[in-house]
Chemist: 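Before anything else, here's the structure in question.
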Amino acid sequence: MTRTRPNILITGTPGTGKTSTADNLSQQIGFTHIDVSGLVKDKGLHEGKDEELDTYIIDEDLVCDELENMLTDGGVIVDYHGCDFFPERWFDLVVVLRTDNSVLYRRLESRGYKQRKISENIECEIMQVVLDEAADSYKREIIQELQSNNMDDMERNIQMIATWVEHWHP
């Protein structure tokens, strides 16, 4: 069955504004927002916790099994800092949020992240790990790289995605 509404993946290094963007966008356009990190925690879709990095080790198969039926009809915004394990067929638009390192550092520090976790995330952003992951996993024409340094960027990104949704057709 063909979806009547698109599915959108919003991805990027932790701290780039994925959840804030996805939450605000979902309210504006009436889509369902799924925060994969929250889903993993709430439903136990993990193999335990990495105490040193203070993060869950997700079970990608369980996550995909959980999401499969949720995405069937479309109208869903998924946000997660990884993207290479989701089936390509699920998404019509993949948004990779990017943030300047100084801004990202402050955001991660304000979350109380340990220095090692901050450094690893900053390094991932510098090396554009998530953008490369998206490019390796999805067709180039559905990937949008967007800056997310401040509220103006977020509002502009939400408007751009909302406009894309208005013009989308199966």
Chemist: Between Ile77 and Ile29, is any pair of side-chain heavy atoms under 4.5 Å apart?
Modeler: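 Side-chain contact under 4.5 Å: yes.
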Chemist: Nearest 0.5 Å please: distance from the OG atom of Ser26 over to the CG atom of Asp35.
Modeler: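 So the gap between those two atoms works out to 11.0 Å.
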Chemist: Assess whether side chain to side chain contact (heavy atoms under 4.5 Å, CB included) is satisfied between Val36 and Phe86, documenting all intermediate values.
Modeler: CA-CA 11 Å; Val36 173; Phe86 298 125; 4.1 Å; yes
Chemist: Quick one: side-chain hydrogen bond (donor to acceptor under 3.5 Å, both in side chains) partners of Asp100, sequence neighbours excluded?
Modeler: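 Asp100 satisfies side-chain hydrogen bond (donor to acceptor under 3.5 Å, both in side chains) with Asn149 once adjacent residues are dropped.
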Chemist: Going from CG on Asp61 to CD on Glu47, what distance comes out if it is rounded to the nearest 0.5 angstrom?
Modeler: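 Here the interatomic distance stands at 9.0 Å.
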Chemist: Please indicate whether Glu123 has more than 12 foreign heavy atoms, meaning atoms of other residues, nucleotides or ligands, lying under 6.0 Å from its CD.
Modeler: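 No, not enclosed.
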Chemist: Taking the side chain as every heavy atom from C-beta outward, state whether Tyr56 and Ser37 have any atom pair closer than 4.5 Å.
Modeler: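 A side-chain contact is absent here, since even the closest heavy-atom pair is not under 4.5 Å.
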Chemist: Going by atom type alone, with no hydrogens or angles, which donor-acceptor pairs under 3.5 Å involve a side-chain atom of residues 163-170 and a protein atom two or more places apart or on another chain?
Modeler:
| from | atom 1 | to | atom 2 | distance (Å) |
| --- | --- | --- | --- | --- |
| Thr163 | OG1 | Gln159 | O | 2.9 |
| Thr163 | OG1 | Gln159 | NE2 | 3.3 |
| His167 | ND1 | Thr163 | O | 2.8 |

Chemist: Which pairs would a plain distance check flag for residues 113-120, meaning a side-chain donor or acceptor within less than 3.5 Å of a matching protein atom at least two apart in sequence or in another chain?
Modeler:
| from | atom 1 | to | atom 2 | distance (Å) |
| --- | --- | --- | --- | --- |
| Tyr113 | OH | Arg111 | NH1 | 3.0 |
| Gln115 | OE1 | Tyr105 | OH | 3.0 |
| Gln115 | NE2 | Ser119 | OG | 3.3 |
| Arg116 | NE | Glu120 | OE2 | 3.0 |
| Arg116 | NH1 | Glu52 | OE1 | 3.3 |
| Arg116 | NH1 | Glu52 | OE2 | 2.1 |
| Arg116 | NH2 | Glu120 | OE2 | 3.2 |
| Lys117 | NZ | Leu53 | O | 3.0 |
| Lys117 | NZ | Asp54 | O | 3.2 |
| Ser119 | OG | Gln115 | O | 3.1 |

Chemist: When you look at CE of Met127, are more than 12 heavy atoms from neighbouring residues, nucleotides or ligands closer to it than 6.0 Å?
Modeler: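 Count not over threshold, so no.
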Chemist: Please round to the nearest 0.5 Å and tell me the distance separating atom CD1 of Ile142 and atom CD of Glu88.
Modeler: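 Output value for this atom pair is 6.0 Å.
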Chemist: How about Asn101 and Ile126: do any of their side-chain heavy atoms sit closer than 4.5 Å?
Modeler: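 Side-chain contact under 4.5 Å: yes.
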Chemist: Looking at CZ of Arg98 and CG of Leu146, how far apart are the two atoms once the value is rounded to the nearest 0.5 Å?
Modeler: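 The distance works out to 11.0 Å.
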Chemist: Taking the inter-plane angle between the rings of Phe91 and Tyr138 on a 0 to 90° scale, is it parallel (under 30°), tilted (30 to 60°) or perpendicular (over 60°)?
Modeler: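 Ring orientation of Phe91 relative to Tyr138: perpendicular.
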Chemist: Does Gln128 have any side-chain hydrogen bond (donor to acceptor under 3.5 Å, both in side chains) partners at least two apart in sequence or in another chain, and if so, which?
Modeler: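 Gln128: side-chain hydrogen bond (donor to acceptor under 3.5 Å, both in side chains) contacts with Asp132.
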Chemist: Going from CD on Gln144 to CD1 on Ile10, what distance comes out if it is rounded to the nearest 0.5 angstrom?
Modeler: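 If we round to the nearest 0.5 Å, Gln144:CD and Ile10:CD1 are 12.0 Å apart.
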Chemist: Look at the side-chain heavy atoms of Ile, Leu, Val, Met, Phe, Trp and Tyr, link any pair under 4.5 Å apart, and say whether Val96 and Met154 land in one connected group.
Modeler: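 Not linked; separate clusters.
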Chemist: Is Trp90 close to Cys64 at the side-chain level, that is, under 4.5 Å between some pair of heavy atoms?
Modeler: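 Contact flag for Cys64/Trp90 side chains = yes.
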Chemist: May I ask you to test the Leu97-Thr99 pair for a side-chain heavy-atom distance under 4.5 Å?
Modeler: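 Side chain of Leu97 against side chain of Thr99, heavy atoms only: no contact under 4.5 Å found.
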Chemist: Quick one: side chain to side chain donor-acceptor pair (under 3.5 Å) pairs with a partner in residues 8-19, sequence neighbours left out?
Modeler: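 The answer is Thr13-Glu125, Thr19-Asp79.
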Chemist: Taking the side chain as every heavy atom from C-beta outward, state whether Pro6 and Leu93 have any atom pair closer than 4.5 Å.
Modeler: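 Sidechains of Leu93 and Pro6: no contact.
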Chemist: Taking only residues two or more places apart in sequence, or in another chain, which ones meet Glu66 in a side-chain contact (heavy atoms from CB on, under 4.5 Å)?
Modeler: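 Testing Glu66 for side-chain contact (heavy atoms from CB on, under 4.5 Å), a comparison that skips the adjacent residues, returns Leu39, Lys43, Leu45, Met70.
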